[in-house]
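Below is one structure; the comments refer to it alone.
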Amino acid sequence: MKTRTLLFTAIASCLISQASVAADKGTIMILVNSLDNPYYASEAKGANTKAQQLGYKTSVLSHGEDVKKQSELIDAAIGKKVQGIVLDNADSTASVAAIKKAKDAGIPVVLINREIPVDDVALVQITHNNFQAGSDVANVFVEKMGEKGSYAELTCNLADNNCVTRSKSFHQVLDQYPDMKSVARQDAKGTLIDGKRIMDSILQAHPDVKGVICGNGPVALGAIAALKAAGRTDVTVVGIDGSNDERDAVEKGDLKATVMLQAQAIAAQGVADLDNFIQKGVKPEKQRVMFRGILITPDNAKGVQDFNYKS
């Protein structure tokens, strides 16, 4: 928890100090789901740092996964005539109208993390390769399980296409092994609390469970908390996200593997693409770009810091 607190303190310091930063290029709005979540805070940090390096002022805000609030904040950005917007959107389909409104007002929008189902509305859509991430961690899961045994899947949030993709990727791997038996699959909504609650329930119904594959980091950490409370040290747990807390759990052996999503890198790339377009009129070569996740095991966990990896 200490690393999380330090991250939030660093973000807050950046945001407080940004008002005094002299910038010649105008303002970029950075709009993410939450500044209280390590992943989204890291997106904000990556975008904020890059924008200030390039000479922009920044406005860093959260929409709380509320489409109406997101629309209002984009309207405000249009009113203030910001130079561009970096957005991790609240809802893939419902966000299209607001993004188009910004584009029509002459404000380019770069999407990070979550895509929308149409092209040529956002300047570029930069996401994680969730299929690769799911496949990589599922292969480690199978290996650690010895290719057999009862397992449960805790999905991260089936309303999020990224989580749906991860689950599909898990099963492309797991379903190849006839001795791997799925005994439960539940949506833990992406939270540690739900992950723990659901894992508690699964342990009651399926005491023979030997593995848990999780759609994101908070869910995996919740599952680990439930297993520890039950005295179960014989259960293999893996996840996806790569937070500092997951890094620590991997180093302790509680989490067998995770895949770190490059939150800071995709956000910084988004700002660089905005700058090229704003200053030079140059559009990215591709409408959709995916960053690979980085498989994290005890061998390389020490390289993880705030969703950034250094070998």
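Note that these values count all heavy atoms, side chains included, but never hydrogens, waters or copies made by symmetry. Since the model is a prediction, treat every value here as computed from it, not as a measurement.
A donor-acceptor pair shorter than 3.5 Å can be found between the side chains of Gln132 and Asp136. Neither side chain, Ser34 nor Asn37, offers a donor N or O lying under 3.5 Å from an acceptor on the other. Side-chain atoms of Thr58 and Asn48 form a donor-acceptor pair, as typed in the model, at a separation below 3.5 Å. Side chains of Glu246 and Thr258: a donor on one and an acceptor on the other come within 3.5 Å.
With rounding to the nearest 0.5 angstrom, the OH atom of Tyr56 is 4.0 Å from the CD1 atom of Ile278.
Of the possible polar contacts, one joining the Gln83 side chain to the Thr27 backbone as a donor-acceptor pair under 3.5 Å is found. Of the possible polar contacts, none joining the Glu65 side chain to the Asn33 backbone as a donor-acceptor pair under 3.5 Å is found. Remark: the backbone N or O of Val289 is not paired with any side-chain donor or acceptor of Gln125 at under 3.5 angstrom. Side chain of Gln287 to backbone of Leu123: a donor-acceptor contact under 3.5 angstrom is found. Side-chain atoms of Ser62 never come within 3.5 Å of backbone atoms of Gly64 as a donor-acceptor pair (strictly under, hydrogens ignored). Listed for the Asn216 side chain is no donor-acceptor partner under 3.5 Å among the backbone atoms of Gly239. With Asp88 contributing its side chain and Asn113 its backbone, the two residues share no donor-acceptor pair below 3.5 Å. Side chain of Asp241 to main chain of Ser243: no donor-acceptor pair is present (N/O by atom type, distance under 3.5 Å, no hydrogens or angles). Remark: the backbone N or O of His128 is paired with a side-chain donor or acceptor of Asn130 at under 3.5 angstrom. No donor-acceptor pair closer than 3.5 Å links the side chain of Ser169 to the backbone N or O of Thr165.
Lys283 pairs by the salt bridge (charged side-chain N to carboxylate O under 4.0 Å, His left out) definition with nothing, not counting sequence neighbours. Qualifying side-chain contact (heavy atoms from CB on, under 4.5 Å) partners for Lys310, counting only residues two or more places apart in sequence or in other chains: Asn308. With sequence neighbours left out, the side-chain hydrogen bond (donor to acceptor under 3.5 Å, both in side chains) criterion links Lys256 to no other residue.
Residue Leu31 shares its hydrophobic cluster (ILVMFWY side chains chained together at separations under 4.5 Å) with Met29, Leu61, Leu73, Ile74, Ile78, Val82, Ile85, Leu87, Val96, Ile99, Ile107, Val109, Leu111, Ile116, Val118, Val121. Membership of an apolar cluster is not assigned to Met290, as no side-chain contact below 4.5 Å to another ILVMFWY residue is traced. Leu158 shares a hydrophobic cluster with Val164; the chain of contacts runs through ILVMFWY side chains whose heavy atoms sit under 4.5 Å apart.
Heavy atoms only, all atoms of each residue included: Asp275 and Leu54 are closest at CB-CD1, 3.8 Å.
Here disulfide (SG to SG under 2.5 Å) pairs that include residues 25-132, with residues two or more places apart or in two chains, number zero. Counting only residues at least two apart or on different chains, the disulfide (SG to SG under 2.5 Å) pairs with a member in residues 121-186 are Cys156-Cys163. Listed by first and then second residue, the disulfide (SG to SG under 2.5 Å) pairs that reach into residues 170-211 come to none, sequence neighbours excluded.
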Report all side-chain donor-acceptor pairs from residues 139-153 shorter than 3.5 Å, counting only partners two or more places apart or in another chain.
{"residue": "Asn139", "atom": "ND2", "partner": "Ser135", "partner atom": "O", "Å": "3.0"}
{"residue": "Glu153", "atom": "OE1", "partner": "His171", "partner atom": "NE2", "Å": "2.7"}
{"residue": "Glu153", "atom": "OE1", "partner": "Arg185", "partner atom": "NE", "Å": "3.0"}
{"residue": "Glu153", "atom": "OE2", "partner": "Ser167", "partner atom": "OG", "Å": "2.7"}

Can you list, pair by pair, the side-chain donor-acceptor contacts under 3.5 Å of residues 293-303, counting residues two or more places apart and other chains?
{"residue": "Thr297", "atom": "OG1", "partner": "Asp299", "partner atom": "N", "Å": "3.4"}
{"residue": "Asn300", "atom": "OD1", "partner": "Thr297", "partner atom": "N", "Å": "2.8"}
{"residue": "Asn300", "atom": "ND2", "partner": "Leu295", "partner atom": "O", "Å": "2.9"}

Could you go through residues 201-215 and list every donor-acceptor pair under 3.5 Å that involves a side-chain atom there, pairing it with any protein atom two or more places apart or in another chain?
{"residue": "His206", "atom": "NE2", "partner": "Val183", "partner atom": "O", "Å": "3.2"}
{"residue": "Lys210", "atom": "NZ", "partner": "Asp234", "partner atom": "OD2", "Å": "3.0"}

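Under 4.0 Å is where a charged nitrogen must lie from a carboxylate oxygen, and between Asp187 and Lys189 at least one such pair does. Residues Asp104 and Lys101 are not paired through a salt bridge, judged by the lack of any N-O separation under 4.0 Å between the basic side chain and the carboxylate.
Contact of the Ile126 side chain with the Phe291 side chain is registered, since non-hydrogen atoms from C-beta on lie closer than 4.5 Å. Using a 4.5 Å heavy-atom threshold, the side chains of Glu115 and Asn161 count as separate. Using a 4.5 Å heavy-atom cutoff, the side chains of Lys57 and Gln52 are not in contact. Proximity of Lys228 to Asp254: side-chain heavy atoms (C-beta onward) are separated by under 4.5 Å at one or more points.
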With salt bridge (charged side-chain N to carboxylate O under 4.0 Å, His left out) as the test, would you mind laying out the steps for Arg114 and Asp91 before giving the verdict?
CA-CA 8 Å; Arg114 288 184 182 172; Asp91 180 279; over 6 Å; no
Can you check salt bridge (charged side-chain N to carboxylate O under 4.0 Å, His left out) on Asp120 and Lys103, steps first, answer last?
CA-CA 10 Å; Asp120 299 317; Lys103 179 186 178 184; over 6 Å; no
Any chance you could lay out the salt bridge (charged side-chain N to carboxylate O under 4.0 Å, His left out) test for Asp248 and Lys252, step after step, and finish with the verdict?
CA-CA 6 Å; Asp248 295 345; Lys252 290 175 184 176; over 6 Å; no
